[in-house]
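Read the structure below first, then the notes.
A note on names: the letters A, B, ... follow the listed sequences, proteins ahead of strands, and every chain is numbered from 1. Side chains included, hydrogens not; waters and symmetry mates left out as well; all remaining heavy atoms used. Fair warning: this is a prediction, and the values are worked out from it, not measured in the lab.
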Number of protein chains: 2
Amino acid sequence: MVDLNTLPEEEDRAPGADDGMDPERFAAICKALGHPVRVRILEYLKKIDRCVCGEIVDILPLAQSTVSQHLKVLKSAGLIMGEVNGPATCYCLDRQALAGFKALVYRL
Amino acid sequence: MVDLNTLPEEEDRAPGADDGMDPERFAAICKALGHPVRVRILEYLKKIDRCVCGEIVDILPLAQSTVSQHLKVLKSAGLIMGEVNGPATCYCLDRQALAGFKALVYRL
DNA sequence: CTATTTAATCGCCGACCTACGATAAAGAAG
DNA sequence: CTTCTTTATCGTAGGTCGGCGATTAAATAG
């Protein structure tokens with residue numbers, strides 16, 4: 001028996017159900033992935049698991065403010081998480097969200 | 001053992017190979033999917049396999065020119081194909097391209 | 001040939017995106 | 001307290017996006 005309490009809005013996905021996903025939410029995630037820099041950031045975060053923002057600034061030929069904005073976009077889309085750690089901020093991939101996105105892509 | 005010399009463009013994807021994809025191309029496809037209307041069009045084309053442009057205009061609350069533009073974006077991204085059929089144009093999903101995209105997402 | 005139908009393209013507009021430098025905020029270090 | 005480090009935010013400039021109506025192009029119908 002499935003616990004319905006823990007899933008307020010996203011119906012419990014039977015394996016064969018290929019009924020409508022939410023195009024708005026799906027498109028929003030795709031939009032966040034719709035920039036090469038953000039894709040690179042995501043790949044980097046997957047590789048090293050977690051890192052501080054400045055590290056990402058170092059590997060990209062972009063200003064710190066620009067990188068910060070891209071991180072914000074990824075975070076708003078729910079693809080990454082950031083926790084403040086002293087004066088720095090530590091970012092990491094939200095692997096659960098990424099898995100959810102993959103599931104949506106697969107029913108495409 | 002992996003042959004590093006050959007990698008003309010789209011190597012035949014060994015199951016375990018999660019080396020670098022092209023972030024530019026991947027982002028370009030995501031960008032095309034980054035609008036709810038285009039996601040809906042893609043889902044519709046998947047359902048009915050092929051249809052004429054006007055049919056898509058009918059199911060969407062948008063002007064014909066707007067729909068035409070969205071179709072152009074999807075076509076430029078390589079996700080759909082369109083063939084002229086008399087005065088009309090018949091669109092259909094490029095299932096191979098979609099499968100390729102899914103493969104990219106899965107190595108994300 | 002002249003309509004009619006169907007799509008694509010053009011031009012316009014407001015909104016959003018992406019880059020940057022400058023500035024603000026907040027903790028660590030002296 | 002002051003300074004340094006690290007990140008987020010602001011403001012701005014140029015470009016792109018997304019919508020529309022109007023127009024053009026191409027094939028069919030009469």
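- Remark: A:R107 does not engage B:E43 in a salt bridge, criterion side-chain N to carboxylate O under 4.0 Å.
- Side chains of B:L60 and B:I41 form a contact here, defined as non-hydrogen atoms less than 4.5 Å apart.
- Straight-line distance from the NE2 atom of A:H35 to the C1' atom of C:dC16: 13 Å, rounded to whole Å.
- Along DNA chain D, read 5' to 3', the first and last nucleotides having any atom under 4.0 Å from a heavy atom of chain A are D:dT6 to D:dT9.
- Residue contacts for A:V37: at a heavy-atom cut-off of 4.0 Å it reaches no nucleic acid atom on any strand shown.
- Between C:dA8 and B:K75, no contact under 4.0 Å exists linking OP1 or OP2 to a side-chain N or O.
- With sequence neighbours excluded, the residues forming a ring pair (Phe, Tyr, Trp, His ring centres under 6.0 Å) with B:Y106 are A:Y106, listed by chain and number.
- Salt-bridge check for B:E83 with B:R50: passed, with a basic side-chain N closer than 4.0 Å to an acidic carboxylate O.
- Of the residues in residues 56-70 of chain B, those lying under 4.0 Å from DNA chain C by heavy-atom distance are B:Q64, B:S65, B:S68.
- For the pair A:K31 and A:E24, the salt-bridge criterion is not met [side-chain N within less than 4.0 Å of a carboxylate O].
- By the 4.5 Å heavy-atom criterion applied to side chains, A:L45 and A:C51 are counted as neighbours.
- With sequence neighbours excluded, the residues forming a side chain to side chain donor-acceptor pair (under 3.5 Å) with A:H70 are A:R38, listed by chain and number.
- Taken from SG in B:C90 to CG in B:D49, the straight-line distance is 9.0 Å, to the nearest 0.5 Å.
- Each ring pair (Phe, Tyr, Trp, His ring centres under 6.0 Å) pair with one or both residues in residues 72-103 of chain B, not counting sequence neighbours, appears once here: B:F26-B:F101.
- Residues A:D94 and A:K75 are not in side-chain contact: their nearest non-hydrogen atoms beyond the backbone lie 4.5 Å or more apart.
- Contacts with DNA chain D (heavy atom under 4.0 Å) in residues 77-93 of chain B: B:G86, B:P87, listed by number.
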